[in-house]
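In what follows, chains carry the letters A, B, and so on, assigned in the order in which the sequence lines appear, proteins first and then strands, with residues in each chain numbered from 1.
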2 protein chains.
Amino acid sequence: MSVIENKILLKKERQLEIIHQINLHNKILSSDLSLILNVSEDTIRRDLNELALENKIVKVHGGALSKSYNVSATQADTYAYDEKKVIATKMIKLIKDGMTILTSGGTTMRAIANQLPNNLHVTFFTVSPLISLELAEHPNVEVIFLGGKISNISKISVGGEVVSKINDIKADFCVLGINGFDQEGISDSDYEVVQVKKAMIKSSRQVVATTISEKLNSDLRLRVCTLNEIDYLITELSPENELLKPYQGLVKYIL
Amino acid sequence: MSVIENKILLKKERQLEIIHQINLHNKILSSDLSLILNVSEDTIRRDLNELALENKIVKVHGGALSKSYNVSATQADTYAYDEKKVIATKMIKLIKDGMTILTSGGTTMRAIANQLPNNLHVTFFTVSPLISLELAEHPNVEVIFLGGKISNISKISVGGEVVSKINDIKADFCVLGINGFDQEGISDSDYEVVQVKKAMIKSSRQVVATTISEKLNSDLRLRVCTLNEIDYLITELSPENELLKPYQGLVKYIL
DNA sequence: GAAAAACAGGCGAATTCATGCAAAAATCAG
DNA sequence: CTGATTTTTGCATGAATTCGCCTGTTTTTC
């Protein structure tokens with residue numbers, strides 16, 4: 001965590017730091033900002049209101065959210081980017097020329113898309129506008145966007161049309177970014193997203209779950225799939241790490 | 001901290017030292033500069049104003065920030081952004097609650113999506129991942145992404161599937177970003193993009209062409225539509241501007 | 001449905017700012 | 001060198017910003 005000097009900051013500087021903090025953590029509480037920046041919560045509230053008015057952040061009760069998968073937020077700003085780069089490297093080793101891959105959204109997936117070597121000839125199906133853009137930078141990658149209503153929350157396309165489209169596909173891999181993961185399997189908090197992810201799993205020969213270790217052993221309300229449906233679990237940790245012990249034997253391969 | 005001699009400095013010298021200090025610390029307070037340089041804060045303020053006018057620094061209340069300090073977080077770096085904002089304002093005036101709007105991609109469209117007021121309740125159909133993300137930031141906007149193969153060049157979804165999807169839609173407006181525009185009509189250079197735009201025009205009650213004046217009187221190889229198919233032409237210029245004279249009477253409304 | 005947290009808005013103190021003006025300094029012409 | 005002209009500077013005034021605190025209201029949470 002970056003330590004902020006206890007010096008006086010100019011207003012604009014403070015707002016820049018707020019944006020930085022939000023990009024880093026995806027969300028932030030007014031009270032935390034008040035502590036970090038050494039000003040009253042009223043001032044923070046005023047800053048957040050201004051930034052929200054400028055469309056730089058999304059203000060909510062109690063704090064603010066990043067404009068989640070905002071294009072203008074650079075990769076390096078994403079939380080735990082180094083860990084996600086490690087995950088990307090491991091994932092990319094699994095990909096061979098000619099494969100067809102189904103992917104969801106999320107910043108981990110974005111790191112994978114970004115790190116992809118240019119000489120790979122593969123076809124990606126995705127429901128995430130951001131991932132589609134990142135993938136489209138690679139000349140030898142064919143990107144198919146599975147259209148539908150774009151969810152305001154998760155910023156991926158959802159709904160029956162998407163699900164039925166996914167059902168028509170037969171992919172080699174399904175690469176899932178993950179929000180909740182424990183011994184019960186993958187979980188998520190958004191109903192519509194769960195429907196899409198379930199369809200993706202059903203339409204793929206192999207399922208790859210990617211997540212930073214921080215999200216291990218967290219449980220969200222809705223079940224996406226059980227552990228035995230997952231073929232690969234990829235984290236930034238080495239496979240022997242203590243944190244991964246509970247999953248040994250329950251998931252086919254841990255990388 | 002470099003200590004400045006208690007000698008008298010010439011104005012130019014002083015301003016150079018100010019820039020030096022800002023480059024060194026990324027920011028500086030007027031009060032500090034006043035102390036360091038041994039002149040009144042009024043003088044400092046005047047210097048800062050001059051330097052800001054010359055675009056050398058960013059002046060803020062209480063001092064100044066280095067320009068490299070990323071002050072403009074979003075898309076302010078897109079070419080001719082101010083002009084595009086003017087276009088966006090004009091376009092937004094045409095949009096009423098409940099409308100259905102078809103849009104292509106392009107930075108002008110992005111500016112429109114960005115400037116959209118939050119209280120508008122409208123439905124957008126788009127083929128651009130970037131625009132879909134920008135639109136999805138607005139809570140009362142429903143965004144439908146028309147999926148398909150993402151073109152590596154134009155970064156929008158193209159192909160037969162998209163075109164046939166568009167044919168199923170009946171929209172109030174079709175808002176087109178434009179690459180080529182002259183007395184023959186709208187033109188473009190990418191075959192696949194042209195197919196999509198043609199379909200969009202066919203599926204809309206009214207067609208809005210938006211372009212910065214720079215692109216007026218330019219002709220590209222492929223014809224998208226003729227002038228009489230266009231209902232509104234929106235540029236950053238005032239409708240009476242000389243440059244728009246050739247189009248008076250050929251396009252229904254020029255804004 | 002009541003306690004706690006977060007909020008909007010107003011107020012006042014402190015700071016910073018814009019502006020006009022006159023003194024000081026620099027520049028220039030002869 | 002001298003006097004006139006222009007530029008620069010400091011100061012005074014009132015306006016504008018910023019920010020913490022306060023009040024009463026709304027929202028959240030249990």
Roughly, in whole Å, what's the span from CD in B:Glu50 to C1' in C:dA18?
15 Å
What is the distance, rounded to the nearest whole Å, between atom CG of A:Asn49 and atom P of D:dT18?
14 Å
Measure the distance from NZ on A:Lys27 to P on C:dA6 and round it to the nearest whole Å.
13 Å
What's the shortest heavy-atom distance between A:Arg221 and A:Ser189, and which atoms?
NH2-O, 4.0 Å
For residues B:Glu142 and B:Phe124, determine if any side-chain heavy atom of one lies less than 4.5 Å from a side-chain heavy atom of the other.
no
By ring-ring contact (aromatic ring centres under 6.0 Å, His included) - contacts of A:Phe181 (at least two apart):
A:Tyr247
Using a cut-off of 6.0 Å, state whether more than 12 heavy atoms not belonging to A:Glu242 lie near its atom CD.
no
Pick base, sugar-phosphate or nothing for B:Ser30, based on heavy-atom distances below 4.0 Å to the nucleic acid.
sugar-phosphate
Given that B:Asp47 and A:Leu10 both sit by DNA chain D, which one's nearest nucleotide is further toward the 5' end?
B:Asp47
Is there side-chain contact between B:Ile112 and B:Ile131, with at least one heavy-atom pair below 4.5 Å?
no
So does B:Ile22 get a backbone contact from the side chain of B:Ser66, meaning a donor-acceptor N/O pair under 3.5 Å?
no
Give me the distances for all protein-to-nucleotides 1-4 of chain C N/O pairs that come in under 3.5 Å?
none

Got a second to check how far A:Thr103's OG1 is from A:Leu135's CG, nearest 0.5 Å?
6.5 Å
For a quick check, with a 4.0 angstrom heavy-atom cut-off, what is the B/S/- contact string for nucleotides 20-28 of chain D, read 5' to 3'?
BBB----SS
Using the salt bridge (charged side-chain N to carboxylate O under 4.0 Å, His left out) criterion, which residues pair with B:Asp172? Sequence neighbours excluded.
B:Arg205
Results of side chain to side chain contact (heavy atoms under 4.5 Å, CB included) for A:Ser132 - residues two or more places apart only:
A:Thr126, A:Val143, A:Phe145, B:Pro129, B:Ile150
Touch check for B:Lys59, heavy atoms < 4.0 angstrom, all strands: base, sugar-phosphate only, or nothing?
sugar-phosphate
Please report the distance, rounded to the nearest Å, between NZ in A:Lys11 and P in D:dA16.
16 Å
For B:Lys12 and D:dT9, give me the distance from atom NZ to atom P, rounded to whole Å.
12 Å
Find out whether B:Leu37 and B:Ile44 are in side-chain contact, i.e. whether some heavy atom of one side chain is under 4.5 Å from a heavy atom of the other.
yes
For a salt bridge (Lys or Arg N to Asp or Glu O under 4.0 Å) with B:Glu50, tell me which candidate from B:Arg45, B:Lys11, B:Arg14 qualifies.
B:Lys11
Axis-to-axis angle between the two ends of the helix from C:dG1-D:dC30 to C:dG30-D:dC1 (five base pairs per end, rounded to 10 degrees):
50°
